[in-house]
There are 2 protein chains.
Amino acid sequence: MARRRRVGNLLALAVLSVVAERPMHAYEMASVIRARGKDRDMAVKWGSLYTVVHNLDRHGLIEAAGSAREGGRPERTVYRITGAGRAELDDWTRELLSEPEEERPRFEAGLSVMGGLPPDEVTDLLRRRLDVLRREIAARRAELERDRAGLPRLFLLESEYGLAMREAEAEWTRSLLGELAGGSFPGLDQWREFHRTGRLPPDVAGLAERRSVTD
Amino acid sequence: MARRRRVGNLLALAVLSVVAERPMHAYEMASVIRARGKDRDMAVKWGSLYTVVHNLDRHGLIEAAGSAREGGRPERTVYRITGAGRAELDDWTRELLSEPEEERPRFEAGLSVMGGLPPDEVTDLLRRRLDVLRREIAARRAELERDRAGLPRLFLLESEYGLAMREAEAEWTRSLLGELAGGSFPGLDQWREFHRTGRLPPDVAGLAERRSVTD
DNA sequence: AGGCGTATGCTCGCATACGAGTAATCGTGT
DNA sequence: ACACGATTACTCGTATGCGAGCATACGCCT
């Protein structure tokens, strides 16, 4: 699984998904993607739009269906999705839904180098993180509540999922923070010691090596 | 915040974090990163190692500290971290810890195009996802239990966090699956209808447009 | 009727990212 | 004592990714 996509940028998924509805020219795709709020779900970089559309064309996933010009000067190519494109869209969707990420969130990277900062600063940083999370959760929850009135559930799932994950993250952070601030975090003294003296206590040095597990 | 990093690849963070300990040559960095299991925390592509090391050098975050040759033929440059490098490492760590991701997980993209597949297939796909999640959770939990014996808590946090997130994800998926499989998911009929007829019921069409919110 | 802000629509160049390939050395079984 | 598989160590080319910039046109105010 996790096959290599001919065009791997998630923006390509968004493009396929809107052009599957009806033929459009590139800029219109952008507008529709924006109107549907799909750009919120996938951190779209608009600078990549034309590259992506081009590549989709090159690989036969969409194709020119003529061109149109309106009052506005430049002649724009209208694209339609091809059979291969539709197949790719479906297959990609299937993959995204059925296979959990291998991709680690960046916070995990942060945790993994966290020991390089002194514990009290870390506590402070996590407190800040928790603050932001809480604010975001409130904002999203409000937005979701507003949307529930007008939108079918199917279109709200991404938001619900995002909210649930944020909540879990906040919860986890809060619990860690409790241990750090309350002083019950095991090894806190060595950690502090390490930053006072600049060196690891001998019993911890060399301990950081992890065995290779079931990989 | 979220300043642009001179070298943005997370592999660069790993490199900085190990070379901060003591000067090393490139390949040794790779070994240490692997030995610490940091590569598990950040999906490292080893093909990027030399590019990244090069770029760190170019930007003055590390610098050559001489070169060594051992039995093995090629002369290897030994790098040490610079003041700027240490500052970058600390600043980056601070950012990763204190600022929650803007980055959307790919699953969210999947959810957002999910409507393109018929509900029964989606149910099936999510069931598969849940299976994989459950297996992963069991595996990670076992691994974590094993590691608890030998490693200080500080080095287990990434794993604990990863596990907590997987659990939350599984929980959310399970609950959605319940609604889909049990038929209580609102709008299920229209969704199915849409796939039978190929067209949206008129009351749903045009509904997908999202208002622009607080952005 | 002219000025200006904003939306539209697109181009370009540079910097990466990273897969795939290469070549030497080491370890170990026979 | 040598073959061969694994490990060490690195190079290169190609495909993107994407920020920044640019040009036109439209709506609206004055």
Side-chain angles (χ1 to χ4, degrees), chain A residues 2-15 18-19 24-35 39 42-61 64 67-79 102-104 106 109 212 215, chain B residues 2-15 18-19 24-35 39 42-61 64 67-79 102-104 106 109 212 215:
Chain A
R3 33 218 150 292
R4 353 203 24 63
R5 302 280 154 201
R6 266 91 64 94
V7 185
N9 196 327
L10 274 185
L11 177 53
L13 180 75
V15 164
V18 297
V19 84
M24 306 182 194
H25 56 88
Y27 197 85
E28 194 182 358
M29 297 172 192
S31 319
V32 176
I33 289 168
R34 244 178 279 141
D39 57 330
M42 30 183 118
V44 167
K45 314 293 165 124
W46 295 113
S48 308
L49 178 65
Y50 291 85
T51 315
V52 160
V53 168
H54 227 157
N55 289 346
L56 286 172
D57 188 11
R58 242 181 354 102
H59 288 94
L61 303 175
S67 59
R69 77 165 19 124
E70 282 148 43
R73 281 282 316 315
E75 165 152 293
R76 295 153 313 175
T77 309
V78 173
Y79 294 96
E102 57 331 314
E103 249 190 309
R104 312 298 179 164
R106 323 188 85 231
S212 46
D215 331 79
Chain B
R3 34 216 150 292
R4 341 208 33 60
R5 302 283 155 198
R6 268 93 62 98
V7 185
N9 196 326
L10 274 186
L11 177 52
L13 179 75
V15 165
V18 298
V19 85
M24 303 183 199
H25 57 90
Y27 197 86
E28 193 181 359
M29 297 171 192
S31 318
V32 176
I33 289 167
R34 244 177 279 143
D39 56 331
M42 30 181 118
V44 167
K45 314 292 164 128
W46 295 113
S48 308
L49 178 64
Y50 290 85
T51 315
V52 160
V53 168
H54 231 143
N55 290 347
L56 287 172
D57 187 11
R58 239 179 359 99
H59 288 95
L61 303 176
S67 58
R69 78 165 20 123
E70 281 148 43
R73 282 281 317 314
E75 167 152 294
R76 295 152 314 177
T77 310
V78 173
Y79 294 95
E102 59 327 318
E103 248 190 312
R104 312 308 187 150
R106 324 190 84 231
S212 46
D215 329 79

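Chain letters run A, B, ... following the sequence lines, proteins first and then strands; every chain starts at 1. Basis for what follows: all heavy atoms, side chains included, without hydrogens, waters or symmetry-related copies.
The side chain of A:A26 approaches C:dC10 more closely than any other nucleotide in the set D:dT16, C:dT16, C:dC10. Closest to the side chain of A:Y27, out of C:dG9, D:dG17, D:dA9, is C:dG9. With D:dC10, C:dC18, D:dG17 as the candidates, the nucleotide lying closest to the side chain of A:N9 is D:dG17. Counting only heavy atoms from C-beta on, A:T51 has its side chain closest to D:dC18 among C:dC10, C:dT16, D:dC18.
Contact detail for B:L11 and B:S48: the closest heavy-atom pair is CD2-C, 3.9 Å. The two residues B:D57 and B:Y79 make their nearest non-hydrogen contact at OD2-CE2, 3.7 Å.
A search for side-chain contact (heavy atoms from CB on, under 4.5 Å) contacts involving A:D39 returns A:I33, A:R34, A:V44, A:W46, not counting sequence neighbours. The side-chain contact (heavy atoms from CB on, under 4.5 Å) search around B:R106 returns A:L10, A:W92, A:E95, A:L96, A:E101, A:E103, not counting sequence neighbours. In terms of the side chain to side chain donor-acceptor pair (under 3.5 Å) criterion, residue partners of B:E28 (sequence neighbours excluded) are, by chain and number, B:R22. Every side-chain contact (heavy atoms from CB on, under 4.5 Å) that A:T51 has, sequence neighbours left out, goes to A:N55.
The separation between A:E28 atom CD and C:dC10 atom C1' is 16 Å, rounded to whole Å. Here the C1' atom of nucleotide C:dA15 and the CG atom of B:L56 are 15 Å apart, to the nearest Å. Separating the CG atom of B:N55 from the P atom of C:dC14 is a distance of 16 Å, rounded to the nearest angstrom. The interatomic distance linking A:M29 (CE) with C:dG9 (C1') rounds to 13 Å, in whole Å. Rounded to a whole Å, the NE2 atom of A:H54 is 11 Å from the P atom of C:dC12.
Not one side-chain nitrogen or oxygen of B:R6 sits closer than 4.0 Å to the OP1 or OP2 atom of C:dT16. Distances shown here put every side-chain N or O of A:R5 at or beyond 4.0 Å from the OP1 or OP2 atom of D:dA15.
Two residues are said to be in side-chain contact when any heavy atoms from C-beta on lie closer than 4.5 Å; B:R104 and A:M42 fail this criterion.
For residues 43-50 of chain A, proximity to DNA chain C is found at A:Y50, defined as any non-hydrogen atom under 4.0 angstrom from a strand atom.
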